[in-house]
Amino acid sequence: MNSNKKEKKNADIEVGSTKPTNFIKEIIEEDIEKGKNDGRVHTRFPPEPNGYLHIGHAKSICFNFGVAQEYNGLCNLRFDDTNPTKEETEYVDSIMADIRWLGYDWENRLYYASDYFGTLYEYAVDLIKKGKAYVCDLSADEIREYRGTLTEPGKESPYRSRSVEENLDLLERMKNGEFPNGARVLRAKIDMAAGNLNMRDPVMYRILHAGHHRTKNEWCIYPTYDWAHGQSDSIEGITHSLCDIAFEDHRPLYDWFLIQLGVHKPQQIEFARLNLTYTILSKRFLRRLVEERYVNGWDDPRMPTLSGLRRRGYTPESIRNFQERIGMAKRASVVDIALLEHTLREDLNVRANRVMAVLNPLKVVIENYPEDKVEELNAINNPEDESAGSRKIPFSREIYIEADDFMENPPKKFFRLSPGNEVRLKHAYFIKCEKVIKDKSGKVIELRCSYDPATKSGEATDGRKVKGTLHWVSAGHAVDAEVRLYDHLFTKEDPNEVEEGKDFTSNINTDSLKVLSGCKVEPSLASAKPGDRFQFLRHGYFCMDPDTKNGKLVFNRTVGLRDTWAKVKGK
RNA sequence: UGGGGCGUCGACAAGCGGUAAGUCACCAGCCUUUGGAGCUGGCAUUCCCAGGUUCGAAUCCUGGCGCCCCAGCCA
């Protein structure tokens, strides 16, 4: 019936069709083949140091650095620091740390657009001399009016025909600080009737009497991004300028500048930015989450920032893998966050050591186990990785199990502990529930069980099988811990889908953080370090939080295990 | 009503004239000392729509339709 399809699949695998491909790599490969740029590939990641990097930026970072690696090229890190009123050194530092954490290295190629302020000024003088730029005295409001609208052409500025000499003089005096903020700007002289608004005499320089994080008070005119960006790429010899689709409309302008200047012209190629379900990725909105205290800072484990994901326990490998799998295209799309969580589990599954932690403890007394006896049982650290070895865990008469693992009146498919039922304790023995102890309100507070000494290490000598396996912790040896359970920050796939008059904050999930205290974890965890990742058996992956101090253990749930039981139960 | 871009499974995404890859999600089963992992199978007779070209079209042509972006001295 479908054998056709199957054969075809196998054939594809043999042929090696696995090489990931996308339209940008195709272009690059063609360029290499044609010998364009002498076959060089040189990209760059150009962040503005005005905020923290998030998973959307990671798409660009992974692609720019990744493509350079793949084609034996180079990738620069360049800070686009053209607006001193918004940029700070703090952000420069966090951005560099995040890129390194992701696993990329710009070696000695760290640049700043501000490195080029001098060259840019010379370029501007050149354009004025060529009659391609002029100083305009219109106010910001007037410039907007003169720009026209989407459907109507703009009008030319009355200052558009100033002489080259006057423009040169005025620009120099702008640079020398003779005019107040906003008094004049330098504009490109292109076409006020252009359908593309970016070509309607865009502003190149504005007067800003503001200190810059690097050039301090050297300048009081600053280039706009549009004027700085393309030339910065050109100066660095970038061959392929890969950027957000938002700049597609700007490409004709960048090309125009470069052609007028007669300098190296990188090829700009745009790709769609990343969107994720249940997530917001706009710097402005993320800032609001922090400033209005919906979260506890930029590195709150619920934030999609790289610092938040890191604290949550994400691995750089899982993020890189995710970026690889979502592909690279131009169409606007929203990736299911389940894919990100999948690449995370996939990575953590092979590298996280298994450990036992009881989040919601229920005491169990094993009545036929000797009072003072303690056994050191052997436990495999990671069934997916033999080299991870094993450890000893203490077992004794009194233990804690997960409250959810016991039901007095279980439904049909429940194969955990219930009165009269036998289950296996992971790495230990079979136990059977003999008696249920409740408090006056009827709540189960303790179980009395019996164990079968012949089932040590978890297997019965008589061959009888048991359906359930529970994790546990020895009551007398367990260590207390606080566990933080996270859920999506928003209740809607699209956080921006809101009623009239409301904004994304109305979709914030008020249960996105649950703090559990009094959790009981196995003693080996006492020596863990912040950042260490584990699989809490049957629960999920957890990461020790830096809030851990003075013996108070704090763990973040990075992501839960797939929970088939929850699905069965839900039906 | 100007300019730019995009439309292939629930979500991503290959495909580049030869008869719809893969991944996630989902469903079913096997296996299991994690109801984890793993394994097996299922999941687009159809590619926004309509015409046309062709022996043959998701791929080429024509005309529609839909969606996204642009009117910062932000980036």
Side-chain angles (χ1 to χ4, degrees), chain A residues 2 6 8-9 12-13 17-18 20-22 26 46-48 50 80 82-83 85-86 136 138-140 143-145 147-154 181-182 184-187 193-200 202-208 222 224-226 228-229 244-252 270 272 277 283 325-343 345-346 349-350 354 356 380 383-384 413-416 424-428 430 457-459 466-471 493 535-540 560-569:
Chain A
N2 273 311
K6 190 174 177 183
K8 194 166 177 221
K9 259 188 213 170
D12 280 351
I13 289 165
S17 64
T18 52
T21 174
N22 63 57
E26 266 176 37
E48 181 190 15
N50 72 338
D80 262 319
T82 55
N83 186 347
T85 65
K86 294 188 175 174
C136 180
L138 254 24
S139 69
I143 286 180
R144 189 180 324 114
E145 282 166 31
R147 186 156 31 228
T149 67
L150 292 180
T151 53
E152 300 156 25
N181 287 354
R184 298 178 217 268
V185 294
L186 181 72
R187 293 226 255 169
N196 181 346
L197 268 32
N198 295 119
M199 302 299 271
R200 320 243 263 224
V203 171
M204 296 164 61
Y205 272 107
R206 70 284 213 191
I207 299 171
L208 243 34
Y222 289 93
T224 57
Y225 175 85
D226 278 347
H229 192 76
D244 187 322
I245 209 99
F247 298 101
E248 203 153 24
D249 291 345
H250 297 242
R251 189 178 54 216
E270 309 83 9
T277 56
K283 268 189 196 174
R325 293 210 204 176
I326 59 173
M328 190 53 73
K330 293 190 78 163
R331 80 180 73 119
S333 61
V334 182
V335 177
D336 191 338
I337 197 165
L339 215 207
L340 211 211
E341 294 171 343
H342 174 263
T343 61
R345 289 192 188 99
E346 184 177 54
N349 176 47
V350 300
R354 274 61 170 171
M356 296 203 281
I380 290 291
E384 303 292 325
K413 293 259 183 105
F414 185 87
F415 42 81
R416 274 115 99 146
R424 170 169 40 236
L425 293 178
K426 179 80 177 177
H427 306 307
F430 284 8
S457 89
E459 265 176 78
V466 105
K467 255 301 205 178
T469 300
L470 310 188
H471 60 277
E493 276 199 19
Q535 183 194 100
F536 283 5
L537 223 61
R538 302 208 301 136
H539 279 301
L561 252 21
R562 278 189 58 225
D563 190 352
T564 310
W565 167 241
K567 279 179 196 166
V568 173
K569 200 170 50 172

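In what follows, chains are A, B, ... by sequence order, proteins preceding strands, each numbered from 1.
For G15(B), the O4'-C1' to base torsion is more than 90° from 0; the nucleotide is therefore anti.
Of the side-chain N and O atoms in Thr85(A), none sit less than 4.0 angstrom from OP1 or OP2 of C74(B).
Among the protein residues, His250(A) comes within range of the nucleic acid bases, having at least one heavy atom under 4.0 Å from a base atom. At a threshold of 4.0 angstrom between heavy atoms, the contacts of Pro383(A) include nucleobase atoms, whether or not backbone atoms are also involved. Among the heavy atoms of the strands lying under 4.0 Å from Phe414(A) is at least one base atom, whether or not backbone atoms are also near. Using a 4.0 Å heavy-atom criterion, one finds that Lys467(A) contacts no nucleic acid atom at all. Counting non-hydrogen atoms under 4.0 angstrom, Phe415(A) reaches a base of the nucleic acid. Nucleic acid contact for Ala140(A): base, since at least one base atom lies under 4.0 Å from a heavy atom of the residue. Among the heavy atoms of the strands, none lies under 4.0 Å from Glu270(A). Residue contacts shown for Val334(A) are limited to sugar-phosphate atoms, with no base heavy atom under 4.0 Å away. Leu138(A) comes within 4.0 angstrom of a nucleotide base, judged by non-hydrogen atoms across all strands. Here His539(A) lies out of heavy-atom contact (under 4.0 Å) with every strand. Across all strands, Met328(A) comes closer than 4.0 Å only to sugar-phosphate atoms, never to a base (heavy-atom distances). At a threshold of 4.0 angstrom between heavy atoms, the contacts of Arg187(A) with the nucleic acid are absent. In this structure, Ile143(A) reaches the bases: a heavy-atom distance under 4.0 Å links it to at least one base atom across the strands shown.
In the interface, the side chain of Arg562(A) is not paired with the base of G35(B) through any donor and acceptor atom under 3.5 Å apart. No hydrogens or angles were tested; on distance alone, nothing pairs the side chain of Arg325(A) with the base of U23(B) as donor and acceptor under 3.5 Å. One donor-acceptor pair, N or O on each side, does fall under 3.5 Å between the base of C16(B) and the side chain of Glu26(A).
Residues satisfying the salt bridge (Lys or Arg N to Asp or Glu O under 4.0 Å) test with Glu341(A), not counting sequence neighbours, are none. Looking at residues two or more places apart in sequence or on another chain, you find a side-chain hydrogen bond (donor to acceptor under 3.5 Å, both in side chains) between Arg416(A) and Asp405(A). By the ring pair (Phe, Tyr, Trp, His ring centres under 6.0 Å) test, Phe414(A) is found to be paired with Trp565(A), residues two or more places apart in sequence or in another chain being considered. Looking at residues two or more places apart in sequence or on another chain, you find no side chain to side chain contact (heavy atoms under 4.5 Å, CB included) involving Ser333(A). Remark: His471(A) engages His539(A) in a ring pair (Phe, Tyr, Trp, His ring centres under 6.0 Å) (not counting sequence neighbours).
With RNA chain B read from its 5' end, the first of the two nearest nucleotides for Thr277(A) and Gly182(A) is the one closest to Thr277(A). Comparing Arg354(A) and Ala272(A) by the nucleotide of RNA chain B whose heavy atom lies nearest to each, the residue mapping closer to the 5' end is Ala272(A).
Here the straight-line distance linking atom CG of Leu197(A) with atom CG of Asp249(A) works out to 9.0 Å at 0.5 Å rounding.
With a cut-off of 3.5 Å on both pairing distances, the Watson-Crick or G-U wobble partner of C60(B) is G52(B). In this structure G66(B) sits in a base pair with C6(B), meeting the Watson-Crick or G-U test at under 3.5 Å. Judged by Watson-Crick or G-U wobble contacts below 3.5 Å, the nucleotide C26(B) has G42(B) as its partner. Of the nucleotides present, none pairs with U1(B) by Watson-Crick or G-U wobble criteria with both distances under 3.5 Å. G72(B) makes up no base pair with any nucleotide shown, lacking Watson-Crick or G-U wobble contacts both under 3.5 Å. Nucleotide C31(B) has no partner under the Watson-Crick or G-U criteria, as no pair reaches both atom distances under 3.5 Å.
Remark: Arg325(A) engages Glu346(A) in a salt bridge, criterion side-chain N to carboxylate O under 4.0 Å. Salt bridge Glu270(A)/Arg251(A): present, at least one basic N to carboxylate O contact under 4.0 Å. Salt bridge annotation for Lys330(A)-Glu248(A): present, with a cationic side-chain nitrogen under 4.0 angstrom from a carboxylate oxygen.
When the C1' atom of C74(B) is taken as reference, atom CZ of Arg206(A) falls 7 Å away, rounded to whole Å. For the pair His342(A) NE2 and U23(B) P, the interatomic distance rounds to 10 Å; values are reported in whole Å. For Arg538(A) and A37(B), the CZ to P distance is 14 Å, given to the nearest whole Å. For Asp336(A) and A13(B), the CG to C1' distance is 14 Å, given to the nearest whole Å. Between the CZ atom of Arg424(A) and the C1' atom of G36(B) there is a distance of 14 Å, given to the nearest Å. The separation between Gln535(A) atom CD and U34(B) atom P is 11 Å, rounded to whole Å. If you measure from atom CG of Leu561(A) to atom P of U32(B), you get 19 Å, rounded to the nearest angstrom. As rounded to whole Å, 14 Å separates atom P of U34(B) from atom NE2 of His471(A).
Which of A75(B), G35(B), A14(B) sits closest to the side chain of Thr21(A) comes down to A14(B). Of the candidate nucleotides G36(B), C73(B), A75(B), G36(B) has the atom nearest to the side chain of Asn349(A). When the nucleotides A25(B), G36(B), G35(B) are ranked by their closest atom to the side chain of Ala338(A), A25(B) comes out on top. Set against A37(B), U34(B), C74(B), the side chain of Glu48(A) has C74(B) as its closest nucleotide. Here the nucleotide nearest the side chain of Phe247(A), chosen from C73(B), C74(B), A75(B), is A75(B).
Comparing the P positions of A50(B) and C55(B) gives a spacing of 23 Å, expressed to the nearest Å. Between U46(B) and C39(B), the distance separating the two P atoms is 32 Å to the nearest Å. Atom P of U45(B) sits at a distance of 10 Å from the matching atom of G10(B), rounded to the whole Å. Between C9(B) and A25(B), the two C1' atoms lie 11 Å apart (nearest whole Å). On the C1' atoms, G35(B) is 22 Å away from G42(B), given to the nearest whole Å. Taking atom P in both C27(B) and G18(B), one finds a spacing of 37 Å when rounded to whole Å. Nucleotides U8(B) and U54(B) have their P atoms positioned 29 Å apart, rounded to a whole Å. A gap of 15 Å separates the C1' atoms of U1(B) and C70(B), to the nearest Å.
Between Ile326(A) and Leu339(A), some side-chain heavy-atom pair lies under the 4.5 Å cut-off.
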Per-nucleotide protein contact string for nucleotides 1-8 of chain B (B base, S sugar-phosphate only, - none; heavy atom under 4.0 Å):
SBBSSSSB
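Of all the heavy atoms in Thr224(A) and Val203(A), the pair that sits closest is OG1-O, 2.9 Å.
Side chain of Arg200(A) to backbone of Ala194(A): a donor-acceptor contact under 3.5 angstrom is found.
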